[in-house]
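The block underneath contains the structure these notes are about, expressed in C-alpha cells.
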Amino acid sequence: MLAELCCKRRPGLWRMLAVAVFVALLGCLRAQELRGHVSIVLLGATGDLAKKYLWQGLFQLYLEEAGKGHNFSFHGTALTATEQGQEVVAKVLESLSCPKDVAPARCAELKDQFQRLSQYRQLKTTEDYAALSKDIEALVQREGLWEAGRIFYFSVPPFAYTDIARSINSSCRPGPGAWLRVVLEKPFGHNHLSAQQLATDLGSFFHEEEMYRVDHYLGKQAVAQILPFRDQNRKALDGLWNRHHVERVEIVMKETVDAEGRTSFYEEYGVIRDVLQNHLTEILTLVAMELPPDVGSSEDVLRHKLQVFQALQGLQKGSAVLGQYQAYSEQVRKELDKPAGFLSLTPTFAGILVHLDNLRWEGVPFLLMSGKALDERVGYVRVLFRNRACCAQSEQHRAAEQSACLPRQIVFYIGHGVLGSPAVLVSRNLFRPTLPGGWEQVGGPPGLHLFGCPLSDFYAYSPVREQDAYSVLISRIFHGRKDSFITTENLLASWAFWTPLLDSLAHEAPRLYPGGAENGHLLDFEFSGGQLSFSVQQPEQLVPGPGSAPAPSDFQVLRSTYRDRPLVTAWPEELIAKLADDVEAAAMKAVRRTGQFHLALSGGSSPVALFQQLAMGHYAFPWAHTHLWLVDERCVPLWDPESNFQGLQTHLLQHVRLPHYNVHPMPVHLRQRLCAEEDQGAQAYAEEISALVANSSFDLVLLGMGTDGHTASLFPQSPTGLEGEQLVVLTESPSGPRRRMSLSLPLINRARRVAVLVMGRLKREITLLVSRVGHEPKKWPISGVRPVSGQLVWYMDYEAFLG
Ligand code: BG6
C-alpha cells in the first residue's frame, strides 16, 4: 500500500529507494562471496611432484587470487609421520618463489601469508579424513566465513586412489552449497579395460563434474594456446585448416633422458602408454577438432574433442614403428632383478601414423612421435601446409620472407629445443597472426634455423611471462575450467583408440638404438599408404638374436603340387607378391576378355597383406573395371571392426579408385536386423551375383583355410552350403561372431580361378591333414573346393607348409 502510494505520488523517490535496496542486497551477496573459504588438500605433499611443481603451483594460485575475495587454507598431507612431513613441507615452502614482475617486498609478504595458511598433517585412516573435515569446518566458523569448496589434489600412486576416494566421499565432503573438486594424476589405467575399471570405481565416489584428471601437457602454454590461436585467427585459418591445404601434422615430444630409475613403471607402460595415449593424443584433438563457436565454453570444447575420437581411423600394426634404446634391457635387469638373458620388448621410442575419417582431415597424415634417449629435448606441433606455388623469380630476386615458394607452416613450440621457450610460429608467407595479450613478438639469435627456415621467416611469439604447466592447471581447477582436463568419456575414447594397437604390438621386437646423437638416421621413418616404416635398414649388430636367419630373398618361389593342384610356396613377403601378381594378371585377362573382372575376397588376417600389396604396388590394376564381392561375412554391422567388409575397406578400398557401384558388400544388416532369415539377405546376394556375374562364375575367388579345415564361412558339419542349389547361405561358426553369410561350395566351384592362401605356423597341422584326405567337405569343407572347370592354385608360406 505504502509502495503504491509512494509510486503514484513520487515515482523518482521510489526508483532511488529501489536502487538503494538493490545495491545493499548486491553488497550483501558480494560480502558473502568475499568470505568464501576454499580448502586445498594436497595428498602426497611430500612426494616428488608436489615438491617440484605442486606447492609452487598453489603458491602461484595464492599470488593470483589473494585479495580477490576468496580465503584459503592449504593442507599438505601424506602418510609420512607428522614431524617428518612438517619438516619436508617447511623446506619446500621456504623455497617458493614469485615471478619476476612481483616486487620483492610484496613477494615476501605473500609468501609469509601463504606459509601461515599452509600446514602439514598425516592422513591415513578414514578417521583422519573426518578430523580434517571437522577442522576445516571449525576454521571456517571461527573466522566467520562460509565454505565455498574443497580441492583434493591426488599426488599419489593410482593404486591408492580408491581408498582415498572412499574416505573423502564418506568423511570429508564439504557441506551442502560448497563444491568438491578432486584432481587426479595419470596413469589412468593401463588399457581400456583397466581404465574403465578405475573410472567405475571413482565414479562410485565422485560425480563426473567433481573429477579433474590432469594431463599436464594441457597446461603447457603453447598447447593451451592452440584453441585461442585458432579462434583469434579464424578468418585466416578458415580456408586453410583442412585436407586441401594441410600436407601433414607432426606432434612430437623428444627427450634426452632415459628411463633409468623408473623402469618398474616404464616396463609396464612404455612410450605409447606413457606419452602418446595421453599428451600427444590430447594435442591432436586440439588441432583436429571442429572449432566451437565459443571456445570459452568448456562443454562445447569437450564435446568437439569427443567428435575427434569418433573420427579416428583404427590403427594397425603397420601404423607404428617402435624402438628401444640399447641400455634399456640392462637397466631393467638391474632394477627389477631379472635374469641375465632377459630382453625387454617395451618400446622407448614410437612413431605412429594417425588418420581421421572426416571431411576436414581425410587423407592428412598426423604423425605422432616420442622417445627417450634421443638427440634433443623438444616438444612441438607442426602444421605443414601444401605448397602449390611455382616461383618464376630466381631466389636472389625474391623478397625472401614473403616468397610463396618457401615452406608454409604453423608451429606450436611447446618448449626446450633450440628456442628454449614456448612459442607460436607462423610462416610470414601465410598471414600475420593475432595473439592474445600475454604473448609478445620475439626474435632469436641471428642464424637460428627451425624446421628448415631461419627464424626470421616466421612471425614468432612467446609468452611475456613463462608459466609452469601445473600452475596453469591449478588456476584452471580453481576456476572450474573443465575443458583443460580429461573427462571419463574422453579417457575411455582414447584408450579405446590405443588398446587394439597396444595389443597387436605386445610381442613386436622394437628396433634397438644406441641413444643420443649416435642414433643417426636409425629412427627416421617414412609413411606410404597408411603404413610406417623405418627409412634405413637396421644394422646387423643391433639385431637381437642370431643374425643368420635366412632372408626371404635367399629363397626362390617354389612350385609343386598340393592335392594334385598347383602349389606356390615361399616366405610370406614373396608369396604375397606372387599372389598379387597373379591376381593382377587374372584381372587384366578378364578385362581384356569381357571388360570386367569379378573378384570375390575372403576376410580374416591372412589376406590383409595381399590387400595392402594390391593397394600399394599395383598401379596398372584395372580397378575401374573390377567388381568386388565378399566370399563371406560376419553378421555384424558393416562398420563393426569384426566385419570383413570393414577390413576390406581399411586395407584396400580406401586406397584404390573403384566405382562405388562395383562394390558388393554382403547384405547382413537389413532393416536394422542382422542376418534375419526373413530378410532374405542371402537370396538377395545370390540374385545380385546371378544378375551381374556371367554364369555366376567369378573370375577369381580368394579363399583361406581354417585350422579346423573350414573355408569361406563353411564350417565342418555345416547343414548348408556344402552341396545343393543355394549360391549363398547363412551358416554358424563354432566361435564368435557365430552367425555368418557365405558363398556356397557349389558357387565357389563355378569360378574360373580359385586361390587358397594359407599362412603361418598354426596352419601346419591342418595343411598336413588336408594333404592326405579325399573329398570330404562335411568333415573338412576345404576339401570340397574343386572348381568344375576352373583352376585351383594353393599359396602357402613356408611356415604353413613346412612347419
Ligand atoms: C610424463 C611422462 O607424463 O611426461 C614422462 O610420464 C615424461 O615419462 C614427462 O618424461 C615429460 O614431461 P615434461 O613436462 O618434462 O615435458
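Small disclaimer: the values here were computed from a predicted structure and weren't measured. In each ligand, atom 1 is the first atom listed, and ligand 1 is the first ligand listed.
A distance-only check finds no donor-acceptor pair linking the side chain of K338 to the backbone of E330 [under 3.5 Å]. Side-chain N or O atoms of S504 include one that pairs as donor or acceptor with a backbone N or O of L501 at under 3.5 Å. For the pair D231 (side chain) and G296 (backbone), a donor-acceptor distance under 3.5 Å is absent.
Using bins of under 30°, 30° to 60° and over 60° for the plane-to-plane angle, the ring pair H216/Y470 lands in the parallel bin. A perpendicular orientation is assigned to the rings of Y161 and F154, their planes being inclined by more than 60° (bins at 30° and 60°). Relative orientation of the Y325 and Y328 rings is perpendicular, given thresholds of 30° and 60° on the angle between their planes.
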Contact table, ligand 1 N/O with protein N/O, distance under 3.5 Å:
from: ligand 1; atom 1: 3 (O); to: K186; atom 2: NZ; distance (Å): 3.0
from: ligand 1; atom 1: 3 (O); to: H279; atom 2: NE2; distance (Å): 2.7
from: ligand 1; atom 1: 6 (O); to: K186; atom 2: NZ; distance (Å): 3.1
from: ligand 1; atom 1: 6 (O); to: R262; atom 2: NH2; distance (Å): 3.2
from: ligand 1; atom 1: 6 (O); to: D274; atom 2: OD1; distance (Å): 2.6
from: ligand 1; atom 1: 6 (O); to: D274; atom 2: OD2; distance (Å): 3.3
from: ligand 1; atom 1: 8 (O); to: R262; atom 2: NH1; distance (Å): 2.8
from: ligand 1; atom 1: 8 (O); to: D274; atom 2: OD2; distance (Å): 2.6
from: ligand 1; atom 1: 8 (O); to: K372; atom 2: NZ; distance (Å): 2.8
from: ligand 1; atom 1: 10 (O); to: E255; atom 2: OE1; distance (Å): 3.3
from: ligand 1; atom 1: 10 (O); to: E255; atom 2: OE2; distance (Å): 2.5
from: ligand 1; atom 1: 10 (O); to: K372; atom 2: NZ; distance (Å): 3.1
from: ligand 1; atom 1: 12 (O); to: H216; atom 2: NE2; distance (Å): 3.2
from: ligand 1; atom 1: 14 (O); to: H216; atom 2: NE2; distance (Å): 2.8
from: ligand 1; atom 1: 14 (O); to: K220; atom 2: NZ; distance (Å): 2.6
from: ligand 1; atom 1: 15 (O); to: R377; atom 2: NH2; distance (Å): 2.3
from: ligand 1; atom 1: 16 (O); to: Y217; atom 2: OH; distance (Å): 2.5
from: ligand 1; atom 1: 16 (O); to: R377; atom 2: NH2; distance (Å): 3.1

